[in-house]
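To start, the structure under review is shown below, and the notes come after it.
Since this is a predicted model, take the numbers as computed values, not measurements.
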Amino acid sequence: MERTTESARSTTINSDDIIGLLRIGTQNQYNARELHTTNATIELNVTSLFGQDYDYQLISNTNGELSLYYPRRILLPTIDKWSNISTPKIQSTIDIRDLFVRSRIARCRSRFVAPVILLDGKYICRSSTVASWGEVYSRSGVDRLLDTGNRTTNPSIIDSTTNPTAVTNDLDGPPTIAIVGAAAAAASSASSSNVEVPQQQNIFDKLRGADIDLLKILDVSSIVNLMVEKRKTMFGVNVTSSENSDKENRYRDFQLLILPYPGCEHFREFSIQSYNGDLMFYDWSLPINDALFQVPEHLSSRVPTDWSFWKSWNSIDLTKNYFQLILRHLETDEHGLLIHCISGWDRTPLFICLLRLSLWADGWIHQSLTGTEILYLTLAYDWYLFGHCLPERLLRGEEILYFAFMMLPYLISNEFVYKQSNNPSNSQLTNVSNRTENIYSISGLNDFENLNSNSSSSVNTNGSSTINFHRDSDEVSFNQNIDLNISETNKDIDSIPLTTRKEKLLGVSHLFQLCYRTVIPNRPPTTTSSTNLLPDSLSAFNPRPIGREIARSINNFIGQWRTQPR
């Protein structure tokens, strides 16, 4: 673990870097074991950008031993430099990495709870959903084979007492399984973390108890669950679950906000509908959709809408209302918040990204970053380094990443502004929302002071192609003619100072579209199943072999079952 403080600006980000980031993102999914120069540069840039405004700890995940699709160095912001509060959010006496180790198998794909935003002295965290017995067994088998020895404890699972014939397809799995090393680690850390150590020997008491320990150390009191189902089943086996489906009600101390939100498959409809989110409607009648909207009335009443019609909303309205609900909760709760879906790399970064950009536009977080820098940061950290598989999404036409930035023009009005709570500690924060910042560092960018509704904009790239955009959101659209010749030496031209929330978000949205369409041509798919939005140079992309991973997990589980004493 490394504690770091940066003060001097050491990284300059321009549109070339954003385009390069998108290009590498279209070629492969980030993997912590695959270290090469491009990934190392991205990781260093992210660290430098965080260091402009925060002191932080770096948690080592060098070979993916904590989570394969988490960054090699997980950033844990501890102090906001714009605040007068000098006490770190996480004390140095707490071994946060050990908590990550003990809780990692408790969640799907070992995507444990990770704090990614520090706001008003509270963490906004992300993760996947909790794992059921099928995922736990398969993950423990992988750990046995691939354990690098870099973990602070040994989370391998050994069954020495259970009759394998008693194993049933149940959410909470077998009743008596011990975790080697976990109990000792929990006992040794109890004195420093003041967290109650679960005494039960049930595997889920151990793992989910460690998950709950981590949540409490991070001062998380509420969990936003975006799943449309209560459990995820593969081949008749429950592999994931949601906190509210825990049979032992272990998460009873947390406020659960169930906000069913369509998965990445739904966003194929986005490109089919010519990128008009108003025409996107999710089919809630499918049998898989058994999760129901569940939010306390005192919170839902703070958003002026009739929640009884939530299933009838299009994707734009659903996202707007959910986003506003999360903001209102952050305003009224002095504790942290966890946001997750199933795997935590599609819907989760969508809302984390929107929160980061919205809070930045109001001057609450990343106050020293320009629009170009915050766009790079959220694309790199919230999406790429946390495992979003852009090549596979493009291969299937599921443009959830593009949808996230298309949402920004819909979030410019005052109801999406975060209002500081009455927490006394918040009075020490410095409000810099009206500071003048540079939004663009892009070559040949013309002034865009006139934002006209119902208009189109075009971008000429190297004079060989024209990219057309048409956006109509709250009567705001873009109308520019820009020569996007990124290779020109005039990319350091003075940027346009923009200070208002509206201009910041519109500027970031437009810059993203310019860079995105430079890398990924605008080719609306047909309604056929052969949808491929990848650039022609990557048309032969071979997506991540999910089936192979599932088969390997099943084989590990069967092998472990056969070796147990009878």
Side-chain angles (χ1 to χ4, degrees), residues 1 57 59-61 65-67 70 74 76 78 88-116 118 122-132 135-136 139-140 143 151-157 172-173 177-225 241-244 246-256 333-340 344:
M1 183 185 302
Q57 294 180 19
I59 312 301
S60 174
N61 182 39
E65 66 271 10
L66 296 180
S67 186
Y70 269 19
I74 301 170
L76 179 68
T78 55
K89 178 66 177 175
I90 298 294
Q91 300 298 321
S92 59
T93 56
I94 297 175
D95 189 347
I96 194 70
R97 189 177 189 276
D98 177 65
L99 291 168
F100 288 167
V101 169
R102 292 196 291 117
S103 64
R104 56 184 294 275
I105 304 181
R107 292 191 174 264
C108 174
R109 301 181 188 273
S110 300
R111 295 175 66 84
F112 51 85
V113 177
V116 290
L118 180 58
K122 52 196 174 189
Y123 282 129
I124 300 174
C125 306
R126 65 179 294 171
S127 73
S128 63
T129 191
V130 293
S132 294
E135 166 82 7
V136 166
R139 190 64 57 186
S140 64
D143 278 350
R151 303 190 183 106
T152 56
T153 62
N154 183 356
S156 298
I157 300 174
D172 287 337
I177 300 179
I179 303 177
V180 176
S188 64
S189 63
S191 58
S192 61
S193 62
N194 295 321
V195 176
E196 181 181 356
V197 180
Q199 299 300 317
Q200 302 93 332
Q201 295 302 307
N202 184 296
I203 182 175
F204 288 97
D205 288 333
K206 290 286 186 180
L207 293 179
R208 294 188 182 176
D211 182 59
I212 291 170
D213 288 350
L214 176 58
L215 289 168
K216 289 183 177 179
I217 285 294
L218 296 174
D219 194 28
V220 170
S221 66
S222 301
I223 300 174
V224 173
N225 184 349
S241 176
S242 55
E243 292 86 355
N244 59 318
D246 184 90
K247 289 186 176 181
E248 300 298 326
N249 197 22
R250 299 177 182 88
Y251 293 87
R252 57 185 174 273
D253 293 336
F254 300 90
Q255 180 174 242
L256 303 181
D333 198 305
E334 297 180 0
H335 304 281
L337 177 72
L338 168 65
I339 299 176
H340 76 75

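For the pair Tyr123 and Leu76, the minimum side-chain heavy-atom distance is below 4.5 Å. Side-chain atoms of Ser67 and Arg111, non-hydrogen and from C-beta on, do get closer than 4.5 Å to each other. The shortest side-chain heavy-atom distance between Ile124 and Leu118 does not fall under the 4.5 Å cut-off. A 4.5 Å side-chain heavy-atom check between Val130 and Glu243 finds at least one atom pair inside the cut-off. In this structure, Arg208 and Glu248 have side chains that are not in contact, with every pair of non-hydrogen atoms separated by 4.5 Å or more. Asp211 has its side chain out of reach of Phe112: every pair of non-hydrogen atoms, C-beta onward, lies at least 4.5 Å apart. Taking the side chain as every heavy atom from C-beta outward, Leu338 and Ser222 never approach each other to under 4.5 Å. The closest side-chain heavy-atom distance from His335 to Phe254 is not below 4.5 Å.
Taking every heavy atom of both residues into account, Arg107 and Ser128 meet most closely at NH1-O, 2.8 Å. The shortest heavy-atom contact between Ile217 and Ile90 is O-CD1, 3.9 Å. Of all the heavy atoms in Asn225 and Ser242, the pair that sits closest is ND2-CB, 3.0 Å.
Between Glu65 and Arg104 no salt bridge is recorded (no basic side-chain N to carboxylate O distance below 4.0 Å). Salt-bridge formation is detected for the pair Asp205/Arg250: a Lys NZ or Arg NE/NH1/NH2 atom is positioned less than 4.0 Å from an Asp or Glu carboxylate oxygen. Under a 4.0 Å N-O distance rule, the pair Asp219/Lys122 does not qualify as a salt bridge.
A distance of 11.5 Å separates OG in Ser221 from NZ in Lys216, rounded to the nearest 0.5 Å.
No side-chain N or O of Asp213 forms a donor-acceptor pair with one of Ser103 less than 3.5 Å apart.
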